[in-house]
Every structure is written in structure tokens, then in C-alpha cells.
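Report on the following structure.
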Amino acid sequence: MNAGPGLELSGRTVVLVVTGGVAAYKSAELARLLVRDGARVHVVMTEAAGHFIGAATFQAITGEPVWSDLWDARMSNGMAHINLTRDAQLVLIAPATADSIARLAQGRADDLASTLCLARDASCALMVAPAMNRQMWEHAATVRNINMLRSDGAFVIGPASGEQACGELGPGRMVEAEELHDAVCAHFTPKVLAGRRVLITAGPTAETIDPVRVVTNLSSGRMGYALAREAARAGAEVTLVSGPTGLDCPHGTVRINVRSAAEMHSAVLARYQACDVFIAVAAVADYRPAAPSLRKIKKSADTLSIEMVRNPDILAEVAGRADAPFCVGFAAESHDLDGYAQAKRLSKKLPLVVGNLVADGLGGDENEVVLYDDAGRHPLQRASKPVLARAILAHLSRMLDR
Ligand code: PMT
């Protein structure tokens, strides 16, 4: 059932404790995402959780038996409360009800979920995703219990604010499965960029021709967004300046939306001084229409010519400044990757360039890249953009640490 090596969570074992809240339905999706990324997931359900979701759902998703009874005899030594966490690196309680949080804070051990939390050893972290009514969340007893859990070393994720199952509005919703999955991945990511501030451009730009038409390109933003997400997981403070894409803002990053190269230029120039690293992944239009029409251009003649003027080269401008951060450029070429990428690195005075062929990198989920630095060329195997982003950032962090 578990996926092969190379996935972000391969080799990781997570105990997912599901307690009795409506948000238990989100935990099925969470289990799916963890398994998809290679984790082995043992699900433990409290008795109350069984009122909201069935064990068969988790068993089918994880391919593992589901546990709920402290006295379950299926474990050969009858000690599920000990054995379940012995090969696990994380216990994640999602949803964590007010009652389960109170019981954890007290160190209770009268059901399987509470006992296995108490019986964890220090190498197995505890992450808690609260889910409850807003009054329960804000009650002094819950505040006290959550603070107690935090001081005992637990990581508390959420809750989010919004519409609640009871119809009230406020804090107490369990965060979405994707965000919890992201928190788990971040937990396991080495913090090689801790303390670094990273500015990233991503996506295409769109240059106005008239009120309904633009000049743009096929960049999806996936490569830049993957770098932003992985840099945040690696501990960096990330600002993402993004051209128009359909992608969600990566968790833990600040996104500035722009449209044209001129807007991207202003957004970067206003922020680069507050950064240690600038990674220019965006496919910025080199030219824009000289005089965009304020009215829709009507078809009349058989041909149409639009005069184009050069856009500023954002990366060259930042890299050329006396106070430039560590600059990483991308080079997208249709041929002679080595020649053009090295030329860009030298002409823009960049310590690191990531080269890719347009046919490999533009648009899709995967890419094949070569890193170019003073030490030469370092080809990376074809892989998904998140996998490549981790490898690029690992290379970058080694250069920063030199
Ligand atoms: O978005 P995806 O679909 O995931 O695709 C990823 C990608 C192919 C867009 C990405 O991997 C990539 O190669 N990005 C750079 C594309 C590009 O514009 O390359 P370039 O060789 O034209 O530019 C060289 C460098 O200068 C780039 O870092 C670019 O961001 C920067 N530049 C270029 C022009 C300009 N006016 N300002 C810039 O900052």
C-alpha cells in the first residue's frame, strides 16, 4: 500500500488519532494525503470517533488495521498502546476535541488514544489539531489545557476560524486536511533555511494589448510555487511575487499578486532589500506592447502589427545592485542549455543558475534541470517539481553556509 522511496514521507510512520468531532471526515482525506506521500499511517479511533466516521474508511485508505480498544488482542503481546508508537515518529490527533485535549493535559491513560500518547518516547512528536465550538475553544479551561500541552512540547496546529457545524461563527474549526498534511511535511523537513528570508518570483506575466487581450506565456507557476512551499517548510520566511496562475498560495508564505513585468519589477524592487536570497523563477515577458489600446482593437486589415518595447530585466537589475541578496536565476532554453545558461550566469553575475529545456520544464508537473555554479554543472535527475525544489534548495543552502 505504501508508496516507494523518494516521496516526501517515505520511511515515516504516523499514528493518526481520530477523536469524536464532525471534522473526523477531514481526517480521511488527511490519511490519504499522508499515504500518498509515502507515510505508513496507523489510525487509532476513540469510541466517540466511531459516531462520526467508520473504521472501514481508514482501513481502506491506509491499508492497515484500525485500532480503538485498549484491550485489543490482535497485537501479539496485547500491548497496542506501547507498540503503535514504537516505530512512529509522530502522533497526530485530528480532530482533537476539547475533552481529548483536557485528558492529554492531565496525563490520563484510560483508553487507547490517551495511553499511547503518554507511552510515547521522546523521539515521537505530538501534534494536535483542535476542533470544537468557539465557546469551548475560548473557555479558560481549554486555554489552560492548550497552554499545558504546548509547554509539554506538543505542536498545536490551528484551529481555523469560520462557520462551525453548530451554525456559529468563530475560532474552532479544524484546519483543512491539506494544511495539516503540509504541517506534517514541514515537521519532517530539515530546517536548512532557518532564519533566511527568501524572495521568489513565479509564473508568467501578462502584458496588456487592449482591455481584453494580453501577451503572456505557458508558465504554470508550478516550479516557483514548489520552491516557495519547500523553502517555507525548510524554515525560511518566504515572499512569493506571482504572475497570474491558478495555484493556491503555499502555506506559510506571503504572496503578492502581480500581472505585468512592470508590476513584478516594482514588487521585487520594493522587497529585495529585506531578503537574503532572491530566486527568479518567473517567465517574465521580455517585451510589452508600446502603447496598449484603451479600447478593444477591432478587426479590420488582414494583418496587425503591434510595436513592442523592452521590459526591465528584474533579475539583472537586482543582481547588479551593491546591496544585492544571493541571487539565483533560472534559464529556460529550447537548445544549447549549457551554453546559454552559463552565459546568463556570467552576464548577470549570478552565483547559481538553474537551467531547463522549455520542453522539459514549462507547464507540466515534472522537470529536468541542471545547476550551474562556479564549481561547474550539476545535473539533477528528472523528477517532480517539489522533489527538484528540495534538491535545488539543499544545493543553495550548502552554498549559503560556505
Ligand atoms: O512555471 P512552470 O510551468 O513550472 O515552468 C517553470 C519555468 C520553465 C518557467 C522555470 O523553470 C524557468 O525556467 N523560469 C525562467 C524562465 C525565463 O524567463 O527564463 P529566461 O532565460 O528568459 O530568463 C532568465 C532569468 O531572468 C530568469 O530567472 C527570469 O526570471 C529572469 N528575468 C527574465 C526577464 C526579465 N525581464 N526579468 C527577469 O527577472
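Counting from 1, the numbers follow the sequence of the chain as shown. Worth knowing before you read on, the calculation uses all heavy atoms, side chains too, and leaves out hydrogens, waters and symmetry mates. Ligands are counted one by one from 1 in listed order, and the atoms in each one are counted from 1 as well.
Checked against a 3.5 angstrom limit, the closest N/O atoms of Leu218 and ligand 1 fall outside it. The shortest N or O to N or O distance between Ala283 and ligand 1 is not below 3.5 Å. For the pair Gly329 and ligand 1, the shortest N or O to N or O distance does not fall below 3.5 Å.
Shown in contact with Ser219 at under 4.0 Å from a heavy atom are these atoms of ligand 1, numbered in order with element: 1 (O), 2 (P), 3 (O), 9 (C). For ligand 1 and Arg222, the ligand atoms under 4.0 Å from any heavy atom of the residue are 1 (O), 2 (P), 4 (O). The ligand atoms of ligand 1 that sit less than 4.0 angstrom from a heavy atom of Ala332 are 13 (O), 16 (C), 19 (O), 21 (O). Those atoms of ligand 1 that come under 4.0 Å of a heavy atom in Gly221, given as number and element, are 1 (O), 2 (P), 3 (O). Close approach of ligand 1 to Met223 is summarised as follows: ligand atoms under 4.0 Å from at least one heavy atom of the residue are 4 (O), 6 (C), 11 (O). Within the listing of ligand 1, atoms 2 (P), 3 (O), 5 (O) sit less than 4.0 angstrom from a heavy atom of Gly363.
Between atom CZ of residue Phe330 and atom CD1 of residue Ile392 there is a gap of 4.5 Å, rounded to the nearest 0.5 Å. To the nearest 0.5 Å, atoms CG (Asp360) and CG (Leu337) are separated by 8.5 Å. With values rounded to the nearest 0.5 angstrom, Arg321 atom CZ is found 7.5 Å from Gln273 atom CD.
Here the side chains of Thr245 and Pro204 are in contact, with some heavy-atom distance below 4.5 Å. Between Arg402 and Leu400, the closest side-chain pair of non-hydrogen atoms is not below 4.5 Å. Residues Val354 and Leu371 form a side-chain contact, since some pair of their non-hydrogen atoms from C-beta on lies under 4.5 Å apart. For the pair Leu240 and Cys249, the minimum side-chain heavy-atom distance is 4.5 Å or more. Looking at Lys344 and Glu333, their side chains come closer than 4.5 Å, going by heavy atoms from C-beta outward.
The side chain of Asp286, and not its backbone, has at least one atom closer than 4.0 Å to an atom of ligand 1 (non-hydrogen atoms only; side chain from C-beta on). Heavy atoms of Pro312 found under 4.0 angstrom from ligand 1 belong exclusively to the backbone.
Annotation: atom 32 (N) of ligand 1 to nearest protein heavy atom, Asp313 OD1, 3.9 Å. Among all non-hydrogen protein atoms, the one lying nearest atom 2 (P) of ligand 1 is Ser220 OG, 3.3 Å. Given atom 5 (O) of ligand 1, the protein heavy atom at minimum distance is Gly361 O, 3.2 Å. Of the protein's heavy atoms, Ile314 N, 3.1 Å lies nearest to atom 37 (N) of ligand 1. The single protein non-hydrogen atom nearest to atom 28 (O) of ligand 1 is Ala280 O, 2.6 Å, given as residue, atom name and distance. Nearest protein heavy-atom contact of atom 35 (C) of ligand 1 is Val284 CB, 3.5 Å. The protein heavy atom nearest to atom 30 (O) of ligand 1 is Ala282 O, 2.6 Å. From the protein, the heavy atom lying nearest to atom 25 (C) of ligand 1 is Phe330 O, 3.0 Å.
Remark: distances from the non-hydrogen atoms of Lys385 to ligand 1 include one below 4.0 Å. Ligand 1 lies out of reach of Gly203, whose nearest heavy atom is not under 4.0 Å from it. Within the 4.0 Å heavy-atom cutoff, Gly355 does not count among the residues contacting ligand 1. Residue contact check for ligand 1: Asn356 places a non-hydrogen atom closer than 4.0 Å to it. Residue Gly224 places no heavy atom under 4.0 Å from ligand 1. Within the 4.0 Å heavy-atom cutoff, Ala331 counts among the residues contacting ligand 1.
Thr208 and Arg259 share a donor-acceptor pair across their side chains, judged by distance under 3.5 Å alone. No side-chain donor-acceptor contact under 3.5 Å links Tyr225 and Thr253.
Of the possible donor and acceptor atoms, none in the side chain of Lys348 sits under 3.5 Å from a partner among the backbone N and O of Gly329.
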- After noting the C-alpha distance and the side-chain angles of Asp182 and Arg233, does the key distance pass the salt bridge (charged side-chain N to carboxylate O under 4.0 Å, His left out) rule? CA-CA 8 Å; Asp182 196 74; Arg233 287 179 181 173; 2.6 Å; yes

- Quick one: do His378 and Asp373 satisfy side chain to side chain donor-acceptor pair (under 3.5 Å)? Show the steps, please. CA-CA 8 Å; His378 315 275; Asp373 60 17; 2.9 Å; yes

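Nearest residue to atom 26 (O) of ligand 1 from Arg310, Lys348, Lys344 is Lys348 (criterion: closest heavy atom).
Each of Asn145, Asp110, Thr97 was evaluated against Arg103; a single residue qualifies, Asp110, per the side-chain hydrogen bond (donor to acceptor under 3.5 Å, both in side chains) test.
In this structure, Met148 places its CE atom where only 12 or fewer heavy-atom neighbours from other residues, nucleotides or ligands lie under 6.0 Å away.
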